[in-house]
Every structure is written in structure tokens, then in C-alpha cells.
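Written out below as C-alpha cells is the structure these notes cover.
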Amino acid sequence: MQKIIAANWKMYKTRAQATQYASEFTASLRKKSYDDRLILVFPPFTAIHDLCQHFSDLPGLAVGAQNFYPANEGAFTGEISPNMLHDVGAQWLLVGHSERRHIMEESSDFIARKVSSGLDYGFKIMLCVGETLAERNAGKLVSILDEQLRSAIASLPEHIHKNLPGRFAVAYEPVWAIGTGRVAGSTEVIEAHAQLRQVLECYLGKVAADIPLLYGGSVKPENAPLLLGLDNVDGLLVGGASLEAQSFLQIIEA
Ligand code: PEP
């Protein structure tokens, strides 16, 4: 399976900063070929259109949105619709990031609605799941991962299950590892990813093997090679270390 290396820029970068990054980034990418990598960038909404234009002639590189509201138009002040995101060139949607679950208080039901509607509107979905430190310490890892993944998949009509490969990815992001510099250990990653694969198998059967499982949480150029070599790790979701083009490039090359 092609490894997915994804950048989540969160609420960083103006359009000018994004454009400068894109120039540096694409100049390096043009010099090498990364046939075994799919590179995704999730910038703030305001930079999506500019990045899509910069990336348009580079295969294996796509842009996504960090959030959306699951309706195409309506009286939803302050929200952005799938239609609008298509319009600016986004192909992927990030759903269920821990900052949206915990800071914006998005529920599993709402996240499930977003997954199903994002797919309906023709997007590819990257669903983030992960436990807090308190949940891990309370022995709830398995139940939290089960609940977060099951609730998202259970909402999908069965006829689309076989079409999920290529359109659906899951990122395991332990909340205690995000932005803390405390990357999960190999055993922790292997255990969580095996659990997620099992839930996918239970719902999707054979196609579960073709759903990429990414790890995210304090990924850096130094730890990326080890993480990418672990069982069931089909890619990386990178926050802080993706904000500098050179550091993200090193992770892509890992
Ligand atoms: C993230 O925001 O998804 C993330 C993994 O952040 P960081 O790499 O900074 O821990």
C-alpha cells in the first residue's frame, strides 16, 4: 500500500506564508519522485485555493480541509460547506481531530454525520481517533478506539463499504502525544493499530486490509522511519513538524 504522509497545519500560516512554503516544497518535490507516497496537506481554509494551484501539476499531492459542516448550504453562520470546498479544489476532509472532539466538543454522532456526508459529497475522508491520557490510564484504550471508529463506520450504508479503499483513511492520534513532544512507543502504536484493523475487519470484511491506518502525535524527522516501519502503520499525520517545508520533506523521505 502507498504510504500516506499528511500535514495538518492547524490554525497557522497566512496566504503569503503558505505560498512561500508551497514554492519551496514543490521545488524540492520536482527534483525527486515519490511514487510510493501520497502526500496530503490540510492548510487553513484561506490557503486551500492557493495550494491547489501550486500543486496542480504534481501527481501524488493533494489538498484537504481541516473541517466542514455536513450540509451543502443553509443558515449555518460561520460554517463552510462541502460544495464550497470542492469549489476551491479540496479533495480530502479531516474529521474527528482531537482538537475538534475536545475543544469544539464535537460528539461521535456529529462526527459520524460528517463522515457519511463528506463521502456522499464525493470527498475522501481521514478520520482521527485516539484516547486521552486519563482514558489510557483508566484502561479504556480499546473501548475508546472501538467507540470512535465503530460509531463513524456504523453510520455508513453497507453498499458503500466496498468502495471505501482509496476514499477512507483512519489516523490513530493519542491525545497525549499531540503537540507534546511525547511520541507513542512502538508497542503502543502496534497495539492500537491492531485494534483498529480488527474493528475495520469486523465491519468491512476483506476491504479492511486496504484502509490505510496512519499514526499521528509528535512525529518528527527523527522518529518517522521507525514509525513507518511498524506493523499496520500505513502513513503519518504530522502537525508541528509539517509547518517547515524542509522538516516535512524529511518525513516524506523517511
Ligand atoms: C496533529 O495535529 O494532528 C498532530 C499530530 O500534531 P503534532 O504532530 O504537532 O503532534
Side-chain angles (χ1 to χ4, degrees), residues 1-8 34-42 55 58-66 90-98 111-112 114-116 118-119 122-131 145-146 148-156 160-174 177-178 183-184 186 188-219 223-239 241-242 248 251-254:
M1 194 188 299
Q2 203 184 26
K3 301 269 190 201
I4 301 180
I5 312 292
N8 173 18
Y34 297 99
D35 296 342
D36 56 345
R37 298 279 188 264
L38 170 62
I39 303 162
L40 306 179
V41 181
F42 293 90
F55 294 170
L58 280 163
L61 192 51
V63 178
Q66 295 172 25
Q91 293 178 36
W92 282 78
L93 299 172
L94 201 59
V95 181
H97 191 279
S98 73
I111 289 165
K114 288 171 83 170
V115 169
S116 137
L119 287 166
F123 281 92
K124 297 169 185 175
I125 300 292
M126 184 171 299
L127 172 72
C128 303
V129 298
E131 81 290 0
L145 296 186
D146 271 20
Q148 292 182 353
L149 184 51
R150 275 175 205 275
S151 59
I153 301 181
S155 68
L156 303 176
I160 77 152
H161 287 182
K162 64 178 186 317
N163 299 327
L164 287 179
R167 304 186 57 207
F168 185 66
V170 179
Y172 169 57
E173 296 209 302
I178 297 181
V183 65
S186 303
E188 291 162 329
V189 176
I190 290 169
E191 183 194 10
H193 281 225
Q195 180 59 30
L196 293 170
R197 187 73 74 200
Q198 203 177 308
V199 176
L200 288 172
E201 271 159 15
C202 167
Y203 274 88
L204 308 177
K206 277 189 182 156
V207 300
D210 302 321
I211 304 293
L213 291 178
L214 284 72
Y215 167 80
S218 296
V219 174
N223 56 32
L226 174 78
L227 289 162
L228 278 174
L230 298 176
D231 268 3
N232 273 318
V233 175
D234 308 308
L236 300 170
L237 177 53
V238 189
S242 71
F248 189 47
I251 294 172
I252 292 166
E253 283 178 21

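All values reported here derive from a predicted model rather than from experimental measurement.
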Could you check if a side-chain atom of [X] sits within less than 4.5 angstrom of a side-chain atom of [Y], using non-hydrogen atoms only?
{"X": "Ile153", "Y": "Leu204", "result": "yes"}
{"X": "Lys3", "Y": "Asp36", "result": "no"}
{"X": "Ser218", "Y": "Ile178", "result": "no"}
{"X": "Val129", "Y": "Val170", "result": "yes"}
{"X": "Ile111", "Y": "Leu127", "result": "yes"}

Taking only residues two or more places apart in sequence, or in another chain, which ones meet [X] in a ring-ring contact (aromatic ring centres under 6.0 Å, His included)?
{"X": "Phe42", "result": "none"}
{"X": "Phe123", "result": "His86"}
{"X": "Phe168", "result": "none"}

Please check if the side chain of Gln148 supplies one atom and the backbone of Gly130 the other of a donor-acceptor pair under 3.5 Å. yes
Smallest separation among heavy atoms of [X] and [Y], with atom names:
{"X": "Gly118", "Y": "Leu93", "result": "CA-CD1, 3.9 Å"}
{"X": "Ala224", "Y": "Val219", "result": "CB-CG1, 4.3 Å"}
{"X": "Met126", "Y": "Leu214", "result": "CE-CD2, 3.7 Å"}
{"X": "Ser151", "Y": "Ala112", "result": "O-CB, 3.4 Å"}
{"X": "Leu228", "Y": "Arg37", "result": "CD1-NH2, 3.9 Å"}
{"X": "Pro212", "Y": "Ile4", "result": "CG-CD1, 3.7 Å"}

Between [atom1] of [X] and [atom2] of [Y], what distance do you get to the nearest 0.5 Å?
{"X": "Leu61", "Y": "Ile252", "atom1": "CG", "atom2": "CD1", "result": "8.0 Å"}
{"X": "Ile5", "Y": "Ile39", "atom1": "CD1", "atom2": "CD1", "result": "8.0 Å"}
{"X": "Leu200", "Y": "Cys202", "atom1": "CG", "atom2": "SG", "result": "9.5 Å"}
{"X": "Leu119", "Y": "Lys114", "atom1": "CG", "atom2": "NZ", "result": "13.5 Å"}
{"X": "Asn8", "Y": "His97", "atom1": "CG", "atom2": "NE2", "result": "4.5 Å"}
{"X": "Leu156", "Y": "His161", "atom1": "CG", "atom2": "NE2", "result": "5.5 Å"}

Could you check Glu131, His193, Glu188, Gln195 and say which one makes a side chain to side chain donor-acceptor pair (under 3.5 Å) with Tyr172? Glu131
Partners passing salt bridge (Lys or Arg N to Asp or Glu O under 4.0 Å) against Arg150 (at least two apart in sequence or in another chain): Asp146
Qualifying residues under salt bridge (Lys or Arg N to Asp or Glu O under 4.0 Å), relative to Glu173, sequence neighbours excluded: none
Restricting to side-chain contact (heavy atoms from CB on, under 4.5 Å), what partner residues turn up for [X], sequence neighbours left out?
{"X": "Gln91", "result": "Ala62, Lys124"}
{"X": "Ala177", "result": "Pro174, Tyr215"}
{"X": "Leu230", "result": "Ser186, Val189, Ile190, Leu227, Val233"}

Partner set under side chain to side chain donor-acceptor pair (under 3.5 Å) for Tyr34, not counting sequence neighbours: Glu253
Side chain to side chain contact (heavy atoms under 4.5 Å, CB included) between Tyr203 and Leu164: does it pass, once the steps are laid out? CA-CA 12 Å; Tyr203 274 88; Leu164 287 179; over 6 Å; no
Which pairs count as side chain to side chain donor-acceptor pair (under 3.5 Å) when at least one residue sits in residues 226-235, sequence neighbours excluded? Arg197-Asn232, Arg197-Asp234
